[in-house]
Amino acid sequence: AGYSSVKGSDSVGLSGAEKKWKRSKWGLEELSKGKILGKGSFGVVRIVTSPDGEVFALKGVAKKQVVMDGQQPHIVSEKRVMQVLDHPFLVKLFNTYVDKSCVYFL
């Protein structure tokens, strides 16, 4: 409830790989939160489990801190780069979410 996908994922100006990007089928509220894996200056990474038992890392980035530090373009770039990554040695982006205080990368 109150969650939406990160803006900027429309097809205008996106490469073929970005247009083919598939999102996970779960909403943020459907993920069971687990232990914290790490904390940084912008947010927290924690383990989450999907309704069907898949385990993911969920990175939550504080929007207030991002705006205060003028890092909005970097968050958008991070999302766009992660959308096109497809390699077994690299982290895969499954979805993005937004609420009042954070942007989330699954």
Side-chain angles (χ1 to χ4, degrees):
Y3 303 109
S4 63
S5 297
V6 173
K7 292 182 180 178
S9 60
D10 59 275
S11 62
V12 177
L14 299 181
S15 70
E18 287 173 301
K19 289 178 187 175
K20 293 178 187 175
W21 182 63
K22 302 267 192 219
R23 295 174 178 232
S24 70
K25 57 189 171 191
W26 312 286
L28 182 61
E29 62 281 350
E30 296 176 89
L31 302 171
S32 299
K33 292 181 179 149
K35 293 184 178 183
I36 292 175
L37 295 173
K39 293 182 181 182
S41 58
F42 288 92
V44 175
V45 177
R46 67 171 59 236
I47 290 187
V48 295
T49 306
S50 71
D52 61 3
E54 288 188 75
V55 178
F56 298 91
L58 181 70
K59 177 181 177 181
V61 181
K63 292 190 317 189
K64 182 178 180 178
Q65 189 67 42
V66 169
V67 171
M68 284 175 39
D69 292 348
Q71 296 296 308
Q72 301 95 311
H74 299 203
I75 294 295
V76 173
S77 292
E78 179 178 355
K79 177 189 179 239
R80 294 185 91 184
V81 168
M82 289 182 71
Q83 281 178 304
V84 298
L85 294 178
D86 187 19
H87 191 278
F89 297 146
L90 298 175
V91 173
K92 182 172 178 65
L93 181 66
F94 288 92
N95 209 343
T96 55
Y97 309 96
V98 175
D99 67 14
K100 288 191 318 185
S101 61
C102 292
V103 174
Y104 300 93
F105 294 91
L106 180 67

#### Entry: L37/I47 under side chain to side chain contact (heavy atoms under 4.5 Å, CB included): CA gap, chis, key distance, verdict
CA-CA 7 Å; L37 295 173; I47 290 187; 3.6 Å; yes
One should read off an interatomic distance between F105 CZ and C102 SG, to the nearest 0.5 angstrom, of 11.0 Å
Taking every heavy atom of W26 against every heavy atom of P51, the minimum-distance pair comes out as CD1-CD, 3.2 Å
Separation between CD (Q83) and CG (N95), nearest 0.5 Å, reads 10.0 Å
Of V91, L90, T96, the one forming a side-chain contact (heavy atoms from CB on, under 4.5 Å) with M82 is V91
Scanning both residues in full, the closest heavy-atom pair of R46 with G34 reads NH1-O, 2.8 Å
Output for pair (K92 NZ, D86 CG), nearest 0.5 Å, gives 5.0 Å
Can you give me every donor-acceptor pair (side chain of residues 55-66, partner residue at least two apart or in another chain, under 3.5 Å) with its distance?
residue	atom	partner	partner atom	Å
K59	NZ	E78	OE1	3.4
K59	NZ	E78	OE2	2.7
K63	NZ	D99	O	2.8
Q65	NE2	D69	OD2	3.0

To the nearest 0.5 Å, atom CG of L31 lies from atom OH of Y97 at 5.0 Å
